[in-house]
Structures are given as structure tokens and as C-alpha cells.
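Computed from a predicted model, the values in this text were never measured in an experiment. Labels below follow one simple rule: chain letters A, B, ... track the order of the sequence lines, proteins then strands, and each chain is numbered from 1.
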Amino acid sequence: MKAESFSFAADDWRAGIFTALKQQGVQQMAYVPDAGHASLINACHGDGDINCTVLTTEEEGVALLAGAELGGQRGVMLMQSSGVGNCVNMFSLLKSCGFPFVTLVTMRGEWGEFNPWQMPMGQATEETFKRSGFVVYRADTGEDAAAMTGSAMRLAYDSNCPVAVLLSQRLIGAKDF
Amino acid sequence: MQMIGRREAIAEVLTGRPDSLLVISGLGSPTYDVAAAGDVAQNFYLWGAMGGAASMGLGLALARPDARVLVITGDGEMLMGLGSLATLGAKAPANLAILVIDNEAFGETGGQTSHTGKTTNLAAVALACGFKQVATAHKQADLDAVKQLVLEDAGPVLGVIKTGSDELPRVLPERDGHIIRNTFKTAITNQQHGESK
């Protein structure tokens with residue numbers, strides 16, 4: 001079943017992330033929407049070989065991709081930094097069973113943030129991942145984002161560990177109101 | 001009216017199960033009930049990750065459309081993942097079933113009354129989320145219909161077995177998650193390749 005195809009804008013660095021996910025054989029993508037992920041979400045929906053699931057809360061995605069791995073499929077979760085705290089206890093599933101896991105996280109609450117309510121979780125994101133046993137990458141350029149996504153998939157699925165790639169707010173652009 | 005015994009009910013649902021039936025059990029008594037019914041490699045026992053059982057079932061069901069996935073969990077675990085019923089309804093995998101053993105209490109922590117013992121009807125919630133069918137067993141005679149629903153009917157479906165809140169002897173399967181995962185993966189990967197055991 002081929003869904004409607006999607007084309008990235010010429011200057012959209014998320015095209016490199018999408019290529020890396022395809023090269024690594026991702027078959028399931030779970031997400032809580034974020035504007036910074038919008039084109040990547042559309043690209044995944046437009047790909048007939050990636051099964052996309054929209055979540056009500058991010059912790060569902062941790063369990064969902066663990067289930068996918070049990071069934072032999074590779075996955076990725078897209079979320080915003082404010083969702084990381086929602087996952088903390090569910091991350092114990094990854095550590096307790098040695099599940100591979102990759103998440104790409106658009107950062108809020110760091111670079112030129114307008115909304116003070118984004119600051120607490122944004123500032124705690126990296127530490128939260130590290131304390132939950134993740135390898136953490138931080139991408140400040142589009143080129144890094146693509147390379148780190150490919151590396152994260154290999155670390156996770158070849159070396160059985162959870163990996164988070166933080167897409168910095170400086171890269172994404174601070175939100176204007 | 002005689003209450004349904006949870007352990008007997010789960011044994012009845014799982015009697016004669018095919019190798020292609022993949023079971024995920026929610027933490028606490030459902031894990032003990034599923035293990036007591038037969039400790040087979042096609043069981044994935046959760047000992048934590050409360051609220052995640054249904055979502056885990058969804059990921060597995062999407063990855064393995066050739067298999068039937070049955071999540072057996074308790075009312076407290078299902079309530080913690082109530083939003084996942086919305087996700088399952090929207091995604092609508094035909095090969096996924098949820099079976100809630102509903103004792104209307106948090107049995108592991110002292111038997112405090114849960115929301116299903118007050119106002120929440122999980123079958124009604126699932127139906128409102130877009131599940132294809134739901135059924136609730138209040139007495140022994142209702143069990144056959146629930147078994148048919150969760151093993152055969154097109155999903156997503158959700159069955160509820162109303163049961164008593166008596167605490168039964170614990171039947172403790174493997175607790176090491178790495179072993180549980182490897183055992184389960186090895187069994188179902190071999191099946192996929194036609195080496196049925």
C-alpha cells in the first residue's frame with residue numbers, strides 16, 4: 001500500500017534524517033506531534049513501508065516500539081522535549097529487558113525560548129535521558145542530525161541500547177508568537 | 001451469584017492455545033494468572049512498565065500481522081494506560097485483543113477500590129475509542145463469548161472478566177527481562193520461519 005508521496009523543501013535538513021531512517025530499515029514510527037518534526041512526520045506518513053502511530057502521550061511510544069522489536073521491526077519515536085518526562089518509568093522497560101530504542105527530540109526551553117513553561121523540562125531533558133541509561137547526542141546542524149540518526153540506529157539495534165538525538169532549538173529555530 | 005475465579009477463567013481462555021497466539025501479561029496478578037495457565041515461550045511477562053501493556057501489544061500486532069496478539073492485564077494497569085485505548089482504536093489492528101481481569105481493586109497494594117469499582121466502564125471506554133467489539137463476563141456462562149471475542153473476532157476488541165478481589169497464591173515466572181525477551185523472540189522468530197515447535 002503506497003500512501004501519497006511527500007517531498008521535502010530543498011533546504012529542509014530533515015530530509016537527511018529521513019534518508020538515514022530508511023537506510024536503517026525503520027518500519028514503525030510513533031509520535032506526539034511537534035512543529036519541528038512536521039515535515040519528517042509527513043514524509044513517514046507518505047512512505048508505504050513505515051507504519052506511523054500517533055500517540056496520546058509519549059510513554060505509549062516506548063512500550064509500542066518495544067513491542068515492535070519483539071516482532072522483529074525497527075522503530076523510531078519523534079517527540080518534543082516536554083514529552084521526555086512523561087516517559088521516565090516506561091524507560092525501565094528498555095533497561096530491564098535490553099530493548100533497543102531510538103528517539104529524536106525537538107528541543108524547547110533552551111535557545112531563545114519565549115514560553116517560560118517550556119524551561120523546566122527543556123533544561124532537564126538531557127540529564128533525564130542520561131539518568132535513564134540513554135546515550136545522548138545533540139545536533140546543532142542539519143548535517144549532524146542526519147549522521148547522528150544513522151549512528152543512533154546502529155548503536156541501538158546492533159548494540160542493544162537506548163539512544164536519544166536532541167535536535168537543538170538553535171537548529172530548529174526558536175518559536176515566534 | 002457466584003463470582004468468576006480469575007485463575008480458572010484465564011486457564012479456560014488459554015486452554016488449547018495455538019503457538020501463533022502471542023500473550024503479553026500486565027504486571028501483578030495477570031502475570032501470575034498467565035504463568036499458572038502454562039509457562040510457554042509465547043508469553044511475555046511484564047513485571048513493571050505499568051500502563052504500557054496495551055501499547056506493547058499494539059507494536060507487536062503491527063509487526064506481526066500473521067499472529068494473534070492478546071494482552072491480558074488488570075483494571076489498574078489498563079486505567080494507567082487509558083489513553084492507549086484511544087491509540088489502539090485509531091490504529092485499529094485486526095489481530096489485537098485486550099482482556100482485562102477486572103477485580104475493581106488495586107490488588108497488589110492492599111485492595112484499594114479502583115475506578116472500575118466506582119464509575120469507569122472499561123468496555124464502554126474501548127467502544128467509544130473505536131474498538132470493533134467488546135464483551136463483559138459477569139458469570140461463568142458469559143466466559144465462552146469473551147473467549148471467542150478475544151481469540152477469534154476481528155480486532156481491536158476488548159473483553160472484561162469481572163472477578164473477585166481474593167488474593168491467590170502467586171505463581172512466579174521468570175523475572176529477568178532479558179531472558180523473557182530472548183525466550184519470546186526466539187520462539188516467535190522460529191515460528192515466522194516455519195520451524196513450528
Tell me whether [X] shares a hydrophobic cluster with [Y], the cluster being built from Ile, Leu, Val, Met, Phe, Trp, Tyr side chains joined at under 4.5 Å.
X         : Y         : answer
Met90(A)  : Leu82(B)  : yes
Phe106(B) : Leu27(B)  : no
Val146(B) : Phe131(B) : yes
Leu70(B)  : Ile4(B)   : yes
Tyr31(A)  : Phe8(A)   : yes

Kindly give the heavy-atom pair with the smallest separation between [X] and [Y], and that separation in Å.
X        : Y        : value
Thr56(A) : Ala86(B) : CG2-CB, 4.0 Å
Gly52(B) : Ala63(A) : O-CB, 3.4 Å
Ser92(A) : Ala49(B) : OG-N, 4.5 Å
Ala68(A) : Ala63(B) : O-CB, 3.7 Å

> Checking Lys185(B) side chain against Gly72(A) main chain: does a donor-acceptor pair fall under 3.5 Å?
Replying inline: no

Any side-chain heavy-atom pair from [X] and [Y] closer than 4.5 angstrom?
X         : Y         : result
Leu70(A)  : Arg64(B)  : no
Cys97(A)  : Phe44(B)  : yes
Leu93(A)  : Met56(B)  : yes
Arg181(B) : Asn160(A) : yes

For [X], which atoms come within 4.5 Å of any heavy atom of chain B: side chain, backbone, both, or neither?
X        : answer
Ser96(A) : backbone
Glu60(A) : both
Phe99(A) : both

>> Tell me whether the count of non-hydrogen atoms from other residues, nucleotides or ligands lying under 6.0 Å of CD in Glu108(B) goes above 12.
In response: yes

> Quick one: what part of Leu62(B) sits under 4.5 Å from any heavy atom of chain A, side chain, backbone, both or neither?
Replying inline: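 For Leu62(B), the contact with chain A is made by backbone and side chain together.
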
> Given that the side chain runs from C-beta out, which part of Leu46(B) has a heavy atom under 4.5 Å from chain A: side chain, backbone, both or neither?
Replying inline: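 For Leu46(B), side-chain heavy atoms alone lie under 4.5 Å from chain A.
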
> In terms of heavy-atom pairs under 4.5 Å, which option from Thr53(A), Val54(A), Asn89(A) contacts chain B the most?
Replying inline: Thr53(A)

> Between CG of Leu58(B) and CG of Leu65(A), what distance do you get to the nearest 0.5 Å?
Replying inline: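 The CG atom of Leu65(A) is 10.0 Å from CG of Leu58(B), to the nearest 0.5 Å.
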
